[in-house]
Asker: 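After the structure tokens below, expect a handful of questions from me.
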Amino acid sequence: HVPSWSRVPSGPTHPPRPLIVETDCLRLPGNWGGDGQSTFMWDAFARSVGGDVFSIDVSIESIDTARRACSGYTNLIHNDSVFALSTLSSLLEGRQIHCLYLDSFDLDPNDPMPSAIHHAQELAAARPLLKRGSIVCIDDYRIGDAVGGKGAIVDPFMRSVDAAVLHDGYAKVWQLR
């Protein structure tokens with residue numbers, strides 16, 4: 001479910017030294033049908049183009065697993081994602097997040113609001129690093145007949161700032177204009 005840079009309208013194949021930030025990292029290498037492998041994919045992309053990846057997780061086990069699977073292009077942060085994103089916004093002042101991938105708080109389909117609130121808080125914490133052209137992706141958006149999931153609060157916000165929808169499926173992807 002990794003967004004393709006080729007979907008970026010009238011832009012280069014990828015931005016110079018792309019900065020990718022994700023919340024929740026690789027738990028089990030090779031688990032393509034379960035947790036997904038976004039951390040591994042971001043790391044491979046960063047290695048191929050000279051980018052930087054920051055992956056944030058509250059689980060030290062997940063951080064250790066990702067550390068073994070990824071290269072030095074991926075910086076792993078063991079912390080609460082909202083706090084870490086807020087700190088990164090200060091530390092990386094002047095940089096732009098090219099892709100923000102939000103997937104940290106597990107979704108309970110019967111009670112999606114706690115997860116949706118958490119992902120809105122993550123977006124707010126990262127907002128200083130999001131600029132025109134930034135891509136924001138939220139996983140677990142459309143599950144079966146249910147729409148919104150982790151993005152139930154972020155989606156109306158993205159509409160209010162006129163972000164372009166690049167993909168609307170299991171994950172939802174927007175680009176800031």
Side-chain angles (χ1 to χ4, degrees), residues 1-27 29 32 35-57 62-63 65-104 119-141 150-151 154-155 157-158 161-177:
H1 304 309
V2 177
S4 168
W5 290 111
S6 64
R7 289 181 179 235
V8 177
S10 69
T13 305
H14 59 81
R17 197 173 161 221
L19 175 60
I20 300 164
V21 178
E22 76 166 347
T23 61
D24 199 21
C25 71
L26 180 71
R27 296 182 221 188
W32 294 97
D35 295 332
Q37 302 292 292
S38 59
T39 310
F40 184 74
M41 298 294 290
W42 298 132
D43 182 70
F45 179 76
R47 274 185 286 127
S48 72
V49 300
D52 297 303
V53 177
F54 286 86
S55 185
I56 306 160
D57 203 299
S62 294
I63 292 289
T65 297
R67 186 168 283 123
R68 288 188 298 274
C70 295
S71 73
Y73 286 91
T74 296
N75 304 279
L76 299 160
I77 301 169
H78 177 233
N79 210 320
D80 170 74
S81 57
V82 176
F83 179 79
L85 288 166
S86 178
T87 302
L88 279 177
S89 290
S90 297
L91 293 174
L92 299 176
E93 188 176 346
R95 292 230 21 221
Q96 174 180 353
I97 293 176
H98 295 96
C99 183
L100 177 64
Y101 184 72
L102 303 177
D103 189 24
S104 67
H119 286 83
Q121 291 172 327
E122 289 178 337
L123 180 65
R127 187 70 175 106
L129 296 174
L130 297 172
K131 315 279 190 241
R132 181 187 172 125
S134 291
I135 293 172
V136 177
C137 176
I138 294 189
D139 203 14
D140 305 315
Y141 176 79
K150 292 179 179 181
V154 171
D155 187 45
F157 171 76
M158 296 304 264
V161 298
D162 195 34
V165 175
L166 300 181
H167 180 75
D168 186 348
Y170 189 81
K172 188 152 185 179
V173 183
W174 302 266
Q175 184 174 32
L176 297 178
R177 302 187 228 220

Asker: Ignoring hydrogens and geometry, is there a side-chain-to-backbone donor-acceptor pair from Arg177 to Asp162 under 3.5 Å?
Answerer: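 Side chain of Arg177 to backbone of Asp162: a pair is present.
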Asker: Could you walk me through whether Asp103 and Asp140 pass the side chain to side chain contact (heavy atoms under 4.5 Å, CB included) check?
Answerer: CA-CA 8 Å; Asp103 189 24; Asp140 305 315; 3.3 Å; yes
Asker: Does Phe54, at its CZ atom, have more than 12 non-hydrogen atoms belonging to other residues, nucleotides or ligands within less than 6.0 Å?
Answerer: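 Atom CZ in Phe54 is crowded, with more than 12 foreign heavy atoms closer than 6.0 Å.
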Asker: Please tabulate, for side-chain N and O atoms in residues 84-94, each donor-acceptor pair with protein atoms closer than 3.5 Å (sequence neighbours left out).
Answerer:
residue : atom : partner : partner atom : Å
Thr87   : OG1  : Phe83   : O            : 3.0
Ser89   : OG   : Leu85   : O            : 3.0
Ser89   : OG   : Ala125  : O            : 2.7

Asker: Looking at every heavy atom in both Asp80 and Val82, which two are closest together, and how far apart are they?
Answerer: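 Looks like OD2-N, 3.2 Å.
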Asker: Tell me every residue that passes salt bridge (Lys or Arg N to Asp or Glu O under 4.0 Å) with Asp52, counting only those two or more places apart in sequence or in another chain.
Answerer: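 Asp52 satisfies salt bridge (Lys or Arg N to Asp or Glu O under 4.0 Å) with Arg17, Arg95 only.
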Asker: Between Lys172 and Asp155, is there a side-chain N and carboxylate O pair less than 4.0 Å apart?
Answerer: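 Result for this pair is yes, salt bridge flagged.
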Asker: Measuring from atom CG of Leu176 to atom CD of Gln96, what distance do you get when rounded to the nearest 0.5 angstrom?
Answerer: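 CD of Gln96 is found 8.5 Å from CG of Leu176.
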Asker: Does the side chain of Leu123 reach to within under 4.5 Å of the side chain of His119, using non-hydrogen atoms?
Answerer: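 Sidechains of His119 and Leu123: no contact.
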Asker: With a 4.5 Å limit on heavy-atom distance, are the side chains of Ser55 and Ile77 in contact?
Answerer: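 Of all side-chain heavy-atom pairs linking Ile77 with Ser55, none is under 4.5 Å.
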Asker: Can you see whether Thr74 engages Asp43 through a side-chain donor-acceptor pair at a distance of less than 3.5 angstrom?
Answerer: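 A pair is found: one side chain offers a donor N or O, the other an acceptor, under 3.5 Å apart.
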Asker: Ignoring hydrogens and geometry, is there a side-chain-to-backbone donor-acceptor pair from Gln175 to Ile135 under 3.5 Å?
Answerer: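 A pair under 3.5 Å: no.
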Asker: Are side-chain heavy atoms of Val154 and Trp174 found at a separation under 4.5 Å?
Answerer: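 A side-chain contact under 4.5 Å exists here.
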Asker: To the nearest 0.5 Å, how far apart are CD1 in Ile20 and SG in Cys99?
Answerer: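 Nearest 0.5 Å value for the CD1-SG distance: 6.0 Å.
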Asker: I need the minimum non-hydrogen distance between Phe45 and Pro18, along with the two atoms involved.
Answerer: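 Closest approach of Phe45 to Pro18, heavy atoms only: CE2-CG, 3.7 Å.
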Asker: Where do Ser104 and Asp24 come nearest, in terms of heavy atoms and distance?
Answerer: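 Of all heavy-atom pairs spanning Ser104 and Asp24, the closest is CA-CB, 3.5 Å.
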Asker: Below 4.5 Å, heavy atoms only, C-beta onward: do Thr39 and Glu22 meet side chain to side chain?
Answerer: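 SC-SC contact between Thr39 and Glu22 confirmed.
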Asker: Give a yes or no answer on whether the side chain of Ser134 reaches the backbone of Ile97 with a donor-acceptor pair at less than 3.5 Å.
Answerer: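 At least one qualifying donor-acceptor pair exists.
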Asker: Calculate, to the nearest 0.5 Å, the distance between atoms SG and CZ belonging to Cys70 and Arg47 respectively.
Answerer: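 Here the interatomic distance stands at 8.0 Å.
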Asker: Set out, in order, the CA-CA distance, both residues' side-chain angles and the distance that settles side chain to side chain contact (heavy atoms under 4.5 Å, CB included) for Tyr141 and Tyr170, then state yes or no.
Answerer: CA-CA 5 Å; Tyr141 176 79; Tyr170 189 81; over 6 Å; no
Asker: Quick one: pull up CE in Met158 and CD1 in Ile138 and give me the separation to the nearest 0.5 Å.
Answerer: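 That separation rounds to 7.5 Å.
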Asker: State, with a plain yes or no, whether a side-chain heavy atom of Tyr101 is found less than 4.5 Å away from one of Met41.
Answerer: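 Of all side-chain heavy-atom pairs linking Met41 with Tyr101, none is under 4.5 Å.
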Asker: Please report the C-alpha distance between Ile56 and Cys25 in whole Å, then the side-chain angles of each, then the deciding distance to 0.1 Å, and finally whether the side chain to side chain contact (heavy atoms under 4.5 Å, CB included) criterion is met.
Answerer: CA-CA 6 Å; Ile56 306 160; Cys25 71; over 6 Å; no
Asker: Which heavy atom of Thr65 sits nearest to which heavy atom of Arg27, and what is that distance?
Answerer: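 Taking Thr65 first and Arg27 second, the nearest heavy atoms are CG2-O, 3.4 Å.
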Asker: Quick one: CG on Asn79 to OG1 on Thr23, what's the gap to the nearest 0.5 Å?
Answerer: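 Here the rounded value is 12.5 Å.
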Asker: How long is the gap from OG on Ser38 to CG on Asp139, to the nearest 0.5 Å?
Answerer: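 Going from OG on Ser38 over to CG on Asp139, the span is 7.5 Å.
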